[in-house]
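Protein chains get the first letters and strands the later ones, always in sequence-line order, with residue 1 at the start of each.
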Amino acid sequence: MGDVRLMKGNEVIAEAAIRCGCDGYFGYPITPQSEIMETLMIRRPENETGMVVLQAESEVAAINMVYGGASCGKKVMTSSSSPGISLKAEGITYLAGAELPALIVNIVRGGPGLGTIQPAQSDYFQAVKGGGHGDYKLIVLAPASVQEMNDFVDLGFELSFKYLNPAMILSDGVIGQMMEKVELSDYKPRWTDEEIEKISGSWATNGKKAGSERNISTSLDLDSAKQEVFNHKLQAKYRAMEENDVRFEKIACDDADYLFVAYGSSARICQKSVELAREKGIKVGLLRPITLFPYPTKQIQEMLGQVKGILSVEMSAGQMVEDVRLAVEGKVPVEHFGRYGGIIPTPEEVVEALEEKILGK
Amino acid sequence: MTATTEINNIISKENLVYKKTDVLLDNEMHYCPGCTHGVIHKVIAEVIEEMDIQDKTIGVSPVGCSVLAYNYLDIDWQQAAHGRAPALATATSRLMPDKYVFTYQGDGDLASIGCAEIMHACNRGENIVVVFVNNAIYGMTGGQMAPTTLEGQVTATSPYGRDCATTGFPMKMSEMVSLLPGTRFVTRQSAETAGAVRKLKKAIRKGFENTREKKGLSFIEIVGTCSSGWKLSPTQSNEWMKENMFPYYPLGTLKDE
Ligand SMILES: Cc1ncc(C[n+]2csc(CCOP(=O)(O)OP(=O)(O)O)c2C)c(N)n1
Ligand code: SF4
Ligand SMILES: [Mg+2]
C-alpha cells in the first residue's frame with residue numbers, strides 16, 4: 001500500500017499534479033474549485049519539483065498561459081468552474097487547433113449565467129460537443145471518486161500527449177468537495193530538456209535548434225484547401241480515440257433487465273439506486289462512461305439485446321441522454337432523469353424515476 | 001562586358017558593406033508597401049543575430065497584420081489569440097527562464113482586446129520584451145478605429161472622424177505601463193528614417209539585454225504608419241505621422257531603471 005490519505009477531491013488534483021511531474025499550473029479563483037490553487041500555493045512545488053504555479057488575472061489569461069506553456073512541450077494545466085470555463089473556451093479551441101497537449105479541470109457548478117455554487121453536470125454539452133468554435137473535440141474524463149481525481153490527472157496528461165490534444169477532467173462540486181480515502185500516486189520527476197526534445201522536439205517552441213527547422217505553434221492556415229486537409233487529420237485523430245481509448249465501468253450488468261447510464265457523482269448515486277432497486281426485485285445495472293469523449297457508444301449498443309429500457313441519470317436537464325439515444329437508435333426506450341440548478345438527486349428518487357419512466361411503460 | 005557580369009564582379013566579399021541577416025527569411029512579405037511592420041521585423045532579426053540568440057529566442061505573434069510574423073523570422077514562434085500574447089509569453093518565460101521571449105503586438109491587439117493581459121504582464125514584471133506597433137488603426141481588418149486612433153481621425157468605423165466624447169480618447173499605453181513598478185524599460189520610438197531605425201535598434205537591443213540580465217519587462221512602442229488604413233501614400237503617411245502622431249505620442253524613453 002502506498003501513500004493513503006483522507007483528502008478532498010480538489011486537494012487531490014493539486015497533489016496529483018505535483019506528483020505526476022506537472023511543469024505549470026495557471027488558474028483564477030472560482031468556487032467550488034479554489035482549493036486546487038490554494039493547495040498548490042501552500043505546497044510550494046516550485047521549491048520541491050520546480051513546478052510553476054501562477055494566479056492569472058483572469059481565466060482568459062490562465063488558459064492562454066497554458067497555451068504558451070504547452071507550446072514549449074511542457075506539461076501544463078489549469079482548473080476552473082463553469083463560468084470560468086466559458087471564458088476559457090477561446091483558448092481551448094486554439095489549443096485544439098494548434099494540436100497542443102494540456103489538462104483542463106472543470107469542477108462544474110449549476111448554471112446558466114452565474115448560476116449557483118452548488119454542484120451540477122450541466123456542462124456536458126460544453127465539454128463534449130464543443131464550447132469553443134470549430135470542429136474540435138476534447139478528451140473528456142469523468143471521475144466518480146476522489147481516487148479517480150488522483151488517477152485522471154496523470155491519465156489526462158498521458159492521453160493529451162498521446163494525441164496532442166487538450167484533455168478535460170469534467171468533475172463537479174460533489175467530487176471536488178468530498179473527502180474520501182485516496183492512494184496518492186508515486187512521484188514522477190518532471191521531464192528534462194532532453195526528454196522534452198525526444199517527446200516533443202518536432203513541434204515544441206523552445207528555441208530553434210541549429211540545423212533544424214524552426215517550430216511554430218499556430219492554429220492558422222489561410223489556405224482553405226490546407227485547412228480542410230488539417231481538419232481531416234483532426235477527425236482521424238478523434239476516430240482513433242474512439243477506437244482505442246474508450247473507458248467505462250459496468251456494475252451489475254450481467255443479469256440486468258434495465259440500465260442506468262450515469263457518469264461522475266450521478267454514477268455514485270446510481271450505484272446505491274441499483275442496490276435499492278434490486279431489493280425491490282428490479283434487475284437494473286449501471287453503465288458508467290468514464291470517457292465522455294470518446295463515448296462508450298459500442299458498449300451501450302452491446303447491452304441492447306439484453307435490456308428493455310435505459311434511464312440516463314444526470315444533474316442536468318438532459319444532455320448526455322442525447323448520446324445514449326444516438327447509440328440506442330430507438331431500439332429500446334431511453335429516458336432522462338435529472339435534478340439541476342445545484343440539487344443532487346437521492347438514490348430513492350432515481351429508483352422512482354426508473355419505475356415511472358421505464359418500468360411504467 | 002554585360003550589365004550582369006559587371007554586377008557580379010561588384011558583388012564580392014571585399015566590397016560587402018551590408019548583408020541581410022540570415023535570421024530574416026527570404027519569404028515574400030505580405031505587408032503593404034511602406035508598412036512599418038517590415039522594418040521592425042528586420043531590426044528585431046538583426047538584434048537576434050548580433051546577440052547570437054537565435055536558438056534561444058521565442059517570438060509570440062499577435063492577431064493583426066503581423067499575425068504571420070512567423071513567416072519572416074527564422075526562430076521558434078507561438079501564434080497567440082487576439083490580445084493574449086503577453087499571457088503566452090508569461091508562461092513561456094517562466095517555464096524556460098533562460099530563453100528570450102518577446103511579444104509582437106499591434107495597437108488593437110495590445111491596447112484594446114488584450115488590455116488586461118498586457119497590464120498584468122507589465123505589473124508582474126515578466127522577464128520579456130514587448131514590441132508594440134502603434135499605427136493608430138486596425139490595419140488587418142480594413143482600417144477600423146483603434147483605442148489609439150487620434151481625435152478626429154477618419155477610419156472605417158469613425159467615418160466622420162473620431163469623436164472622443166462618445167468613443168473615448170486615444171490611449172497612451174507607454175505612459176500607462178510606465179506607471180507600473182513591474183516595467184523596467186519603457187520607450188517610444190519610430191522607424192521612418194535611417195536615424196530613427198538606428199535608435200529603434202538600440203532600444204530593442206536594450207530590451208533583449210534586459211531579458212538576459214533578468215531585469216523584467218521592456219516595453220518598446222513604435223509609432224508607425226498604415227498607409228492602406230490611412231488611405232495615404234507611404235510618403236504622405238510619414239508626413240501625417242510626424243504632424244499628427246508625434247505631438248500626441250512623443251518619442252523618447254519614459255523609463256529606464
Ligand atoms: C477574437 C477576435 N476578434 C476579432 C478579430 C478580428 N481582428 C483581426 S486583426 C484585428 C485588429 C488588429 O489591429 P492591430 O492590433 O492594430 O494590428 P494591425 O493590423 O494594425 O497591425 C481584429 C479586430 C479576431 N481575429 N479575433
Ligand atoms: S494594412 Fe496597414 S498595417 Fe497592415 S500591412 Fe498594410 S500598411 Fe501595414
Ligand atoms: Mg494597428
Side-chain angles (χ1 to χ4, degrees), chain A residues 22-26 46 50-76 78 88-95 97-98 100 102 132 190 193 196 203-222, chain B residues 22-23 25 27 30 48 52-64 67-101 103 113-124 126 128 140:
Chain A
C22 178
D23 294 299
Y25 170 95
F26 306 91
E46 66 273 23
M51 175 181 174
V52 170
V53 184
L54 184 64
Q55 178 170 335
E57 61 271 29
S58 69
E59 287 87 352
V60 175
I63 193 71
N64 282 287
M65 289 173 184
V66 164
Y67 183 105
S71 295
C72 305
K74 301 278 183 180
K75 270 193 196 177
V76 287
T78 184
K88 288 186 197 292
E90 176 196 59
I92 292 173
T93 158
Y94 275 69
L95 285 164
L100 291 173
R190 288 171 53 227
D193 287 351
I196 291 176
W203 56 266
T205 57
N206 45 16
K208 177 185 159 11
K209 314 289 165 309
S212 61
E213 286 283 300
R214 70 196 192 282
N215 287 334
I216 302 165
S217 177
T218 179
S219 59
L220 175 74
D221 204 325
L222 294 169
Chain B
D22 291 336
V23 177
L25 292 158
N27 296 332
H30 71 286
I48 290 171
D52 193 19
I53 54 172
Q54 189 177 8
D55 58 338
K56 295 186 200 72
T57 304
I58 292 105
V60 185
S61 76
V63 173
V67 62
L68 294 175
Y70 57 71
N71 280 342
Y72 309 127
L73 263 66
D74 191 17
I75 53 170
D76 277 0
W77 281 96
Q78 300 171 2
Q79 201 291 299
H82 199 15
R84 317 297 178 218
L88 275 66
T90 293
T92 301
S93 141
R94 290 206 180 209
L95 290 162
M96 303 190 303
D98 56 330
K99 299 286 177 349
Y100 296 78
V101 186
T103 70
I113 196 166
C115 209
E117 284 76 14
I118 190 61
M119 280 295 156
H120 288 275
C122 285
N123 193 44
R124 289 188 301 262
E126 299 296 341
I128 61 173
M140 185 184 212

If you compare all heavy atoms of [X] against all heavy atoms of [Y], which two are closest, and at what distance to 0.1 Å?
X: A/Gly68; Y: B/Ala91; answer: C-CB, 4.4 Å
X: B/Ala87; Y: A/Asn64; answer: CB-CB, 3.7 Å
X: B/Gln78; Y: A/Cys72; answer: NE2-SG, 3.7 Å
X: A/Thr205; Y: B/Trp77; answer: CG2-O, 3.1 Å
X: A/Glu57; Y: B/Glu117; answer: OE2-CA, 3.3 Å

Once you round to the nearest 0.5 Å, how far does [atom1] of [X] lie from [atom2] of [Y]?
X: B/Glu126; Y: A/Leu54; atom1: CD; atom2: CG; value: 6.5 Å
X: A/Lys75; Y: B/Leu95; atom1: NZ; atom2: CG; value: 13.5 Å
X: A/Lys208; Y: B/Ile58; atom1: NZ; atom2: CD1; value: 13.0 Å
X: B/Arg94; Y: A/Lys74; atom1: CZ; atom2: NZ; value: 14.5 Å

Tell me which of these, A/Val66, A/Asp23, A/Asn206, has more heavy-atom pairs under 4.5 Å with chain B than the rest.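 When all of A/Val66, A/Asp23, A/Asn206 are compared, A/Asn206 has the most.
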Chain A shares the most heavy-atom pairs under 4.5 Å, among B/Lys99, B/Arg124, B/Gln54, B/His82, with B/Arg124
Where on [X] is there a heavy atom nearer than 4.5 Å to chain B: the side chain, the backbone, both, or neither?
X: A/Leu220; answer: both
X: A/Ile63; answer: neither
X: A/Ala204; answer: backbone

What part of [X] lies closer than 4.5 angstrom to a heavy atom of chain A: side chain, backbone, both or neither?
X: B/Leu68; value: side chain
X: B/Asp98; value: neither
X: B/Thr92; value: both

Can you find a pair of side-chain heavy atoms, one from A/Arg214 and one from B/Leu25, that are under 4.5 Å apart?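 With C-beta onward as the side chain, the pair touches.
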Side chain of A/Tyr67, backbone of B/Gln79: donor and acceptor closer than 3.5 Å?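 A pair under 3.5 Å: yes.
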Exam field: side chain A/Asn215 to backbone B/Asp76, donor-acceptor pair closer than 3.5 Å: no
